[in-house]
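Here the structure comes first, spelled out in structure tokens, and everything after it is commentary.
As a basis for the values below, the full set of heavy atoms in this structure was taken, side chains included, without hydrogen atoms, waters or symmetry mates. Source: prediction; values computed, not measured. In this chain, numbering begins with 1 at the start of the sequence shown. In each ligand, atom 1 is the first atom listed, and ligand 1 is the first ligand listed.
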Amino acid sequence: MAGDLAQRGHKVRVIEALHELGGVLVYGIPEFRLPKQIIREQLDYLRDMGVEFETDVVLGRTVTIDELMGEEGFDAVSIGTGAGSPQFTGIPGEHWNRRVLRE
Ligand SMILES: Cc1cc2nc3c(=O)[nH]c(=O)nc-3n(C[C@H](O)[C@H](O)[C@H](O)COP(=O)(O)OP(=O)(O)OC[C@H]3O[C@@H](n4cnc5c(N)ncnc54)[C@H](O)[C@@H]3O)c2cc1C
């Protein structure tokens, strides 16, 4: 998405909570399956297109959407936080799994 937007002339900033960019593709998938060099090259490609990257910045804590859309002057914020921090619904039985149901 960052590349598509940059290609269309938009100013794009990617904010990453961790110290390293790439998400699960970098820290979750083993090297033999997805070499980190491929991710690094993709990130360099995006940088060359003008995409800005900020690491160690937690959206909602270090910076808020209001700040980005206000003083920072962005027109839109797209949230792509992955599936690392699920939010539970509080519905009874949501933590059951098939094994529990069979017992
Ligand atoms: C075991 C496993 C193997 C896989 N194998 C493959 C494969 O071989 N090939 C393939 O294409 N896909 C594979 N996938 C799927 C792939 O990893 C995911 O589809 C992809 O990583 C999803 O990207 P994403 O950017 O949506 O989320 P993520 O990769 O989870 O990235 C989300 C990012 O958001 C950051 N973040 C979260 N909250 C905040 C916040 N508040 N502020 C700032 N940043 C925040 C996180 O730190 C993270 O870096 C695999 C997944 C798993 C679990």
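Near ligand 1, heavy-atom contacts under 4.0 Å come from I15, E16, A17, L18, G23, V24, L25, I29, R33, V57, V58, L59, G80, T81, G82.
In this structure, E94 contributes its side chain and G90 its backbone to a donor-acceptor pair below 3.5 Å. E31 contributes a side-chain N or O that, together with a main-chain N or O of K36, makes up a donor-acceptor pair within less than 3.5 Å.
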Show the atom names and distances, to 0.1 Å, of all donor-acceptor pairs under 3.5 Å that link a side chain in residues 58-76 to residues at least two apart or in another chain.
{"from": "T62", "atom 1": "OG1", "to": "V58", "atom 2": "N", "distance (Å)": "2.8"}
{"from": "T62", "atom 1": "OG1", "to": "V58", "atom 2": "O", "distance (Å)": "3.4"}
{"from": "T64", "atom 1": "OG1", "to": "E67", "atom 2": "N", "distance (Å)": "3.1"}
{"from": "E67", "atom 1": "OE1", "to": "T64", "atom 2": "N", "distance (Å)": "3.1"}
{"from": "E72", "atom 1": "OE1", "to": "R13", "atom 2": "NH1", "distance (Å)": "3.2"}
{"from": "E72", "atom 1": "OE1", "to": "R13", "atom 2": "NH2", "distance (Å)": "3.2"}

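Atom CZ of R47 and atom CG of L21 lie 6.0 Å apart (nearest 0.5 Å).
Hydrophobic cluster membership for F32: none, as no Ile, Leu, Val, Met, Phe, Trp or Tyr side chain comes under 4.5 Å of it.
Applying the ring pair (Phe, Tyr, Trp, His ring centres under 6.0 Å) rule to F88 yields the partners H95; only residues at least two apart in sequence or on another chain are considered.
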